[in-house]
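Notes for the one structure printed next.
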Protein chains: 2
Amino acid sequence: MKLLLAEDDVDFGNILSQYVTLSGFDVALARNGREAWDLFHESRPDICVLDVMMPEMDGFTLAEKLRAEEPGVPFIFLTAKSLREDIIKGLKLGADDYITKPFDPEMLMLRINNILRRVYSAAEDEYTISETTLKYNSLELITPSGKERLTLREAQLLRHLMINRNKAQTREQILTEIWGQDDYFLGRSMDVFISRLRKYLSGDRGLALRTLRGIGFILEEVN
Amino acid sequence: MKLLLAEDDVDFGNILSQYVTLSGFDVALARNGREAWDLFHESRPDICVLDVMMPEMDGFTLAEKLRAEEPGVPFIFLTAKSLREDIIKGLKLGADDYITKPFDPEMLMLRINNILRRVYSAAEDEYTISETTLKYNSLELITPSGKERLTLREAQLLRHLMINRNKAQTREQILTEIWGQDDYFLGRSMDVFISRLRKYLSGDRGLALRTLRGIGFILEEVN
DNA sequence: ACGGGAGGTTAATACAAGGTTAATCCTTAT
DNA sequence: ATAAGGATTAACCTTGTATTAACCTCCCGT
């Protein structure tokens, strides 16, 4: 899991960064808003922790720009202010959480994990639908016709479809979620993976990976 | 959207309940943990707001039981304590948010809306009129005579008519809205789709897709 | 009651979306 | 440097569906 931390207080930033790294995150640390903007594009983080008051670009403005570019990315505001107006402004921007300094790093970690669990359902490892179960971390797929070892992309795509079972997923949604961007060739690549997944899943009559022409795909449980 | 509010302070509970109702929620108000547990089963809320300290059953215990029964339901803790241990306990339970009293009702609303947006972002997908419902994203149409799988254009057109039910839609309006432009041939194309939709909808006597000659079409509920 | 135009219906066609397989390009490890 | 594994690109094929066409019906004005 990659995390972008934007904090202008150098010492505090370093301590926080260390703490979060220890918890198993891949951290990108920015000293100001502009740097954060650049780092965001380089590292494509899964979650952003933004100080509100920073030189170059404040956290609110940054969040707005990030939202516009990558709507799904969750973010947490960090601030010394506990002013009602600021908190409300942050929440209106769709912040997933808002923490006022001083705070306990352990609490930050808990909040981060909560959000990630919610957003990515990342705490789970086993996903089961019908007769088929995916062990995500070990890339194993167990179907009525036997075990398969998946590749990373196969597993990512299948997991996404399993998490969103019975819900239509547009091509854009899947591409931005799994591939990080949406262009023609990645779309064709996805089609190749869908084709492969169908082969793996063909032994299980209790589910169907249907295409919704012009929209996307859906992994359905059928009676 | 239905909300379950569990709060033992009667006055405060009422004020909050009123405020949340004004924001368009359907509120179930419980005076203690046990009542909340019962109300939860009756009203199946989309989100729960739980006071931590309540008679009969405290908020934490309640949340655990709710989680076990209905893992997807988001909840927010409300508490007078700002003890670090308590907050951490709440977050460990997977609380979607944690608010310490005293707080601003407006802020509660903002947090509620943030969480709902995140959790139910895939909403706004089902349209129902009379006995017929359209699941737009999965292109499914459920009528008294059974399920149908629609095409994209069929679904777009039907959705437009359902959104504007009981309102006359001119040919021009529909064409510019759905097809992006308005010419003779697209008009004939639309007639083909109207014809198909009528077939799909023929099993439902509670609605009529009528022609307004020289003007356009209207999807009406008839009693 | 007749003619014309608006809309209904069905079938034929063209084309774009997606399926499939193979080739190629990258990474990574040795 | 090379090999292996995996992702992407390419090429070709299939199929679903929006459009177009052709013909029909019905309504409305004269």
Side-chain angles (χ1 to χ4, degrees), chain A residues 44 134 136-141 148-161 168-202 208-220, chain B residues 134 136-141 147-161 168-202 208-220:
Chain A
R44 297 247 147 221
L134 168 68
Y136 181 70
N137 289 311
S138 56
L139 305 178
E140 279 177 306
L141 180 69
E148 293 280 358
R149 154 136 292 131
L150 301 188
T151 70
L152 180 58
R153 275 267 190 277
E154 289 167 354
Q156 287 177 324
L157 177 56
L158 181 55
R159 181 177 71 151
H160 180 86
L161 292 168
Q169 297 297 301
T170 66
R171 303 192 124 237
E172 301 78 57
Q173 274 177 334
I174 298 172
L175 285 169
T176 52
E177 179 78 28
I178 307 291
W179 274 266
Q181 54 181 313
D182 169 12
D183 69 39
Y184 172 78
F185 288 107
L186 291 178
R188 296 324 319 275
S189 198
M190 174 172 70
D191 290 327
V192 174
F193 280 96
I194 290 284
S195 172
R196 281 219 277 278
L197 288 185
R198 283 196 174 124
K199 256 180 216 150
Y200 295 141
L201 301 177
S202 61
L209 176 42
R210 279 180 42 214
T211 127
L212 303 172
R213 176 167 270 247
I215 296 192
F217 299 95
I218 185 171
L219 181 62
E220 280 186 326
Chain B
L134 167 68
Y136 180 71
N137 288 310
S138 55
L139 306 178
E140 279 176 309
L141 180 70
K147 271 192 187 178
E148 291 282 355
R149 171 158 313 153
L150 302 188
T151 71
L152 180 57
R153 271 273 137 75
E154 288 167 355
Q156 288 175 325
L157 177 56
L158 181 55
R159 182 177 68 153
H160 180 86
L161 292 168
Q169 296 296 301
T170 67
R171 295 176 70 87
E172 196 207 356
Q173 272 178 334
I174 298 172
L175 285 169
T176 52
E177 177 79 24
I178 307 291
W179 274 266
Q181 55 181 313
D182 169 13
D183 69 39
Y184 171 78
F185 289 107
L186 291 179
R188 298 320 323 276
S189 199
M190 173 171 70
D191 289 327
V192 174
F193 281 97
I194 291 285
S195 170
R196 279 219 278 278
L197 288 186
R198 283 194 174 123
K199 252 181 219 151
Y200 295 142
L201 301 177
S202 62
L209 175 42
R210 284 183 37 220
T211 300
L212 304 172
R213 174 168 261 254
I215 299 189
F217 300 96
I218 185 171
L219 181 62
E220 280 185 326

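No experiment lies behind these values; they were computed from the predicted model shown.
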Close N/O contacts between protein and nucleotides 16-20 of chain D (under 3.5 Å):
unit_1 : atom_1 : unit_2 : atom_2 : d
D:dA18 : OP2    : B:T151 : OG1    : 2.7
D:dA18 : O3'    : B:R153 : NH1    : 3.2
D:dT19 : OP1    : B:R153 : NH1    : 3.4
D:dT19 : OP1    : B:W179 : NE1    : 3.3
D:dT19 : OP2    : B:W179 : NE1    : 2.6
D:dT19 : OP2    : B:S189 : OG     : 3.1

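At a threshold of 4.0 angstrom between heavy atoms, the contacts of A:R171 are confined to the sugar-phosphate backbone, with no base atom among them. Counting any heavy atom pair closer than 4.0 Å across all strands shown, B:Y184 reaches no nucleic acid atom. Within the 4.0 angstrom heavy-atom criterion, no nucleotide atom of any strand lies near B:G187.
With sequence neighbours excluded, no residue forms a side chain to side chain donor-acceptor pair (under 3.5 Å) with B:S189. Take B:I215 and apply the side-chain contact (heavy atoms from CB on, under 4.5 Å) test, not counting sequence neighbours, and it matches B:T170, B:L212. The side chain to side chain donor-acceptor pair (under 3.5 Å) search around B:R210 returns B:E220, not counting sequence neighbours. By the side-chain contact (heavy atoms from CB on, under 4.5 Å) test, A:S138 pairs with A:K135, A:E140, sequence neighbours left out. The side chain to side chain donor-acceptor pair (under 3.5 Å) search around B:E148 returns none, not counting sequence neighbours.
Residue pairs meeting the side chain to side chain donor-acceptor pair (under 3.5 Å) criterion with at least one member in residues 171-185 of chain B, sequence neighbours excluded: B:R171-B:D191.
First and last contacting nucleotides of DNA chain C toward chain B (any atom under 4.0 angstrom from a heavy atom, 5' to 3' order): C:dG5 to C:dT10.
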Return a table of donor-acceptor pairs under 3.5 angstrom between the side chains of residues 192-200 of chain A and protein atoms on other chains or two or more places apart.
unit_1 : atom_1 : unit_2 : atom_2 : d
A:R196 : NE     : A:E154 : OE2    : 2.9
A:R198 : NE     : A:L209 : O      : 2.9
A:R198 : NH2    : A:L209 : O      : 3.0
A:Y200 : OH     : A:E154 : OE1    : 3.3
A:Y200 : OH     : A:E154 : OE2    : 3.2

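Taking five base pairs at each end of the helix from C:dA1-D:dT30 to C:dT30-D:dA1 and finding the rotation axis that steps the C1' atoms of four pairs onto the next four gives two axes whose angle is 40°, to the nearest 10°.
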### Task
Might you work through the side-chain hydrogen bond (donor to acceptor under 3.5 Å, both in side chains) test for B:R159 and B:Q156, ending with a clear yes or no?
CA-CA 5 Å; B:R159 182 177 68 153; B:Q156 288 175 325; over 6 Å; no
#### Entry: Criterion side chain to side chain contact (heavy atoms under 4.5 Å, CB included) on A:R213 and B:T151, from CA distance to verdict
CA-CA 8 Å; A:R213 176 167 270 247; B:T151 71; over 6 Å; no
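The nearest pair of heavy atoms linking A:L139 to A:A155 is CD2-CB, 3.6 Å.
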